[in-house]
**Student:** 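Structure below; questions to follow.
Every chain is numbered from 1, with letters handed out A, B, ... down the list of sequences.
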2 protein chains.
Amino acid sequence: MTLSEENYLKAIFNLEEQTHKSVPTNAIAEMMETKASSATDMVKRLSEKELLKYKPYQGTRLTPKGKSHAVKVIRKHRLWETFLVENLDFSWDEVHEVAEQLEHIQSDKLIHQLDKFLGYPKTDPHGDPIPDEEGNIAKIKKKVLAELQQEDEGICVGVDDSSSAFLKYLDKLDISLGNKIKVIEKEAFDNSMVIQVEENTISISSLASKNIYVRKTS
Amino acid sequence: MTLSEENYLKAIFNLEEQTHKSVPTNAIAEMMETKASSATDMVKRLSEKELLKYKPYQGTRLTPKGKSHAVKVIRKHRLWETFLVENLDFSWDEVHEVAEQLEHIQSDKLIHQLDKFLGYPKTDPHGDPIPDEEGNIAKIKKKVLAELQQEDEGICVGVDDSSSAFLKYLDKLDISLGNKIKVIEKEAFDNSMVIQVEENTISISSLASKNIYVRKTS
DNA sequence: CTTAATTTTTAGACAAATCTAAAAATTTGT
DNA sequence: ACAAATTTTTAGATTTGTCTAAAAATTAAG
Ligand SMILES: [Mn+2]
Ligand SMILES: [Mn+2]
Ligand SMILES: [Mn+2]
Ligand SMILES: [Mn+2]
């Protein structure tokens with residue numbers, strides 16, 4: 001399995017998770033930041049290897065074999081991100097690029113031992129669940145902050161957009177995983193919110209509140 | 001810089017260190033386990049990028065730029081090997097393959113932080129010096145065990161052959177880095193030796209004793 | 001239902017890294 | 001010195017992954 005094949009597999013897995021429908025070629029190309037013709041070529045190769053089912057013009061779906069491989073790559077990605085933050089003083093907005101490389105290292109022992117070294121973490125630095133050795137992914141109970149009503153309280157458990165720009169913005173507002181968040185006010189006009197994060201009271205836009213996940217506590 | 005280019009650079013660096021002469025194409029091909037024609041192609045590409053000087057039929061020598069890059073890859077290789085042994089319970093005969101992949105991960109911060117995390121180790125699990133951030137490689141004072149005379153004593157500081165087979169053999173004999181070794185007897189007939197390693201007395205062949213490095217202490 | 005817009009595939013080209021087979025240069029042996 | 005052996009390079013082919021441009025299929029609109 002080549003690096004490029006693994007990246008496509010991961011992209012297709014994520015797209016399929018979102019819609020639970022067969023994935024259009026253009027969606028793959030967009031996610032991979034490549035051309036549709038390249039995506040077609042790759043999809044044909046992966047189909048040849050029985051990692052996915054592909055019908056021309058009908059899009060693709062991963063086979064169990066393809067899914068299982070994609071999940072392994074995601075497991076590695078999230079374990080490495082955890083290592084970078086926990087042990088090498090990376091911040092959560094710096095880890096993605098490096099994990100994007102590390103996720104392709106081939107060694108069962110390495111990943112097993114890394115998991116052990118980290119103490120079998122359940123989630124990565126962005127709150128995303130780390131698949132276990134058998135490929136099971138725990139479902140994390142979460143709601144978008146934007147859905148909470150005035151006076152509602154929750155704990156920050158993840159982000160939808162984990163781009164460096166958004167994560168840095170959250171750092172500036174002192175919002176991080178595990179923080180207690182309370183909705184003070186919701187502005188109907190633009191859907192912005194005034195929230196209390198631990199001790200601080202701040203205002204955030206609708207765009208931001210739609211990208212923050214919380215576990216409701218009240 | 002591609003993975004393959006980095007592997008060639010490292011191979012050429014090592015060959016040049018051995019002989020301090022310009023490196024023949026066949027030697028490169030042999031070390032890379034590839035064909036001479038492939039080595040020629042790659043050497044031309046690296047020459048194009050000014051990482052080495054290549055004159056047809058005359059062999060190649062790395063430029064300072066090429067050397068510096070090779071040393072960076074070696075630094076990464078040895079830091080990762082150290083991490084695997086120190087933190088992930090790998091044994092010294094298991095690390096090479098994985099480090100061979102990890103050495104190509106591109107991130108200055110990663111390698112700087114890994115070095116810090118490990119406590120700035122001076123040598124890797126095979127006793128080889130780890131180049132510092134500026135590319136300086138400490139010279140390790142060492143002698144092959146085979147050169148010691150009867151009654152001489154030393155400390156095991158490295159191995160020449162770090163193949164898995166040889167390292168496992170050393171494990172079986174309980175020889176590891178830092179062990180005190182004393183020459184009890186040298187057999188003129190086949191150059192085998194009887195040595196005392198810490199508390200154990202064992203006999204080793206000439207081939208083995210030529211692949212073990214010691215720092216003489218008496 | 002037929003045309004227009006969009007999506008997807010095919011055709012052909014290119015760079016990287018490799019190979020085999022053949023040609024060319026260098027080194028060795030007498 | 002000259003033929004033979006060895007080393008090295010070239011020529012041409014292959015695989016992976018990508019691209020552009022054009023053709024084909026599907027979907028949307030009037
Ligand atoms: Mn990746
Ligand atoms: Mn993540
Ligand atoms: Mn390598
Ligand atoms: Mn080593």
**Student:** From CD of E5(A) over to P of dT18(D), roughly how many Å is that when rounded to an integer?
**Tutor:**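 Spelled out: CD on E5(A) to P on dT18(D) is 10 Å.
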
**Student:** Choosing from dA17(C), dC19(C), dT16(D), which nucleotide comes nearest the side chain of T2(B)?
**Tutor:**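 Among the listed nucleotides, the one closest to the side chain of T2(B) is dA17(C).
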
**Student:** Round to a whole Å and report the spacing from CG of L3(A) to P of dT18(D).
**Tutor:**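 Rounding to the nearest Å, CG of L3(A) and P of dT18(D) are 9 Å apart.
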
**Student:** For F13(A), does its backbone N or O pair with a side-chain atom of E16(A) as donor and acceptor, under 3.5 Å?
**Tutor:**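 A pair under 3.5 Å: no.
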
**Student:** Can a salt bridge be assigned to the pair R75(A) and E103(A) using a cut-off of 4.0 Å between side-chain N and carboxylate O?
**Tutor:**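 So R75(A) does not pair with E103(A) through a salt bridge.
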
**Student:** Please figure out whether T25(B) or T34(A) has its closest DNA chain D nucleotide nearer the 5' end.
**Tutor:**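 Its nearest nucleotide being more 5', the pick is T25(B).
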
**Student:** Is the closest side-chain heavy-atom distance between N14(B) and I74(B) below 4.5 Å?
**Tutor:**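 Sidechains of I74(B) and N14(B): in contact.
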
**Student:** Please name the residue in the list H104(B), H96(B), K72(B) that meets the side chain to side chain donor-acceptor pair (under 3.5 Å) test with H77(B).
**Tutor:**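 With H77(B) as partner, H104(B), H96(B), K72(B) yield a single side chain to side chain donor-acceptor pair (under 3.5 Å), made by H96(B).
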
**Student:** Nearest of dT16(D), dA16(C), dT9(D) to any side-chain atom of R45(A)?
**Tutor:**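 For R45(A), the side-chain atoms sit closest to dT16(D).
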
**Student:** Output the residues of residues 48-58 of chain B in contact with DNA chain D, where contact means a heavy atom of the residue under 4.0 Å from an atom of the strand; sort by number or write none.
**Tutor:**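 Listed by number, they are Y54(B), P56(B), Y57(B).
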
**Student:** Please say whether the positively charged group of K44(A), taken as NZ for Lys or CZ for Arg, lies over the ring of Y54(A), i.e. under 6.0 angstrom from the six-membered ring centre and within 45 degrees of the axis.
**Tutor:**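 Judged by the rule (NZ or CZ under 6.0 Å from the ring centre, within 45° of its axis), K44(A) is not positioned above Y54(A).
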
**Student:** Determine the contact category for S38(A): base if any of its heavy atoms lies under 4.0 Å from a base atom, sugar-phosphate if only primed atoms, P, OP1 or OP2 are that close, otherwise nothing.
**Tutor:**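 Since a base atom lies under 4.0 Å of S38(A), the category is base.
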
**Student:** Could you tell me how far apart K35(B) (NZ) and dT18(C) (P) are, to the nearest whole angstrom?
**Tutor:**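 Those two atoms, NZ and P, are 12 Å apart.
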
**Student:** Could you state the atom-to-atom distance from CE of M1(A) to P of dG17(D) in whole Å?
**Tutor:**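 In whole Å, dG17(D) P and M1(A) CE are 10 Å from each other.
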
**Student:** Rounding to a whole Å, what distance do you find between D41(B):CG and dT9(D):P?
**Tutor:**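 Rounded to whole Å, this separation is 10 Å.
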
**Student:** Testing the basics here: between C156(A) and I175(A), what is the closest heavy-atom pair and its distance to 0.1 Å?
**Tutor:**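 Closest heavy-atom pair between C156(A) and I175(A): SG-CG2, 4.4 Å.
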
**Student:** In whole angstroms, how far is the P atom of dT18(C) from the CE atom of M32(B)?
**Tutor:**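 Roughly 7 Å, once rounded to whole Å.
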
**Student:** So if I apply the side chain to side chain donor-acceptor pair (under 3.5 Å) rule between H69(A) and each of E5(A), K10(A), E6(A), which one comes out positive?
**Tutor:**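 That would be E6(A); it is the only one of E5(A), K10(A), E6(A) passing the side chain to side chain donor-acceptor pair (under 3.5 Å) with H69(A).
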
**Student:** Going by modelled atom types, is there a donor-acceptor pair between the base of dT20(C) and the side chain of S37(B) at under 3.5 Å?
**Tutor:**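 Checked by distance alone, the answer is yes.
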
**Student:** Report which part of the nucleic acid T40(A) touches: base, sugar-phosphate, or nothing (heavy-atom distance under 4.0 Å, all strands).
**Tutor:**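 Base contact.
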
**Student:** Closest to the P24(A) side chain: dT8(C), dT16(D), dC19(C)?
**Tutor:**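 Among dT8(C), dT16(D), dC19(C), the one nearest the side chain of P24(A) is dT8(C).
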
**Student:** Rounded to whole Å, how long is the line connecting atom CE of M42(A) with atom C1' of dT8(C)?
**Tutor:**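 Those two atoms, CE and C1', are 17 Å apart.
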
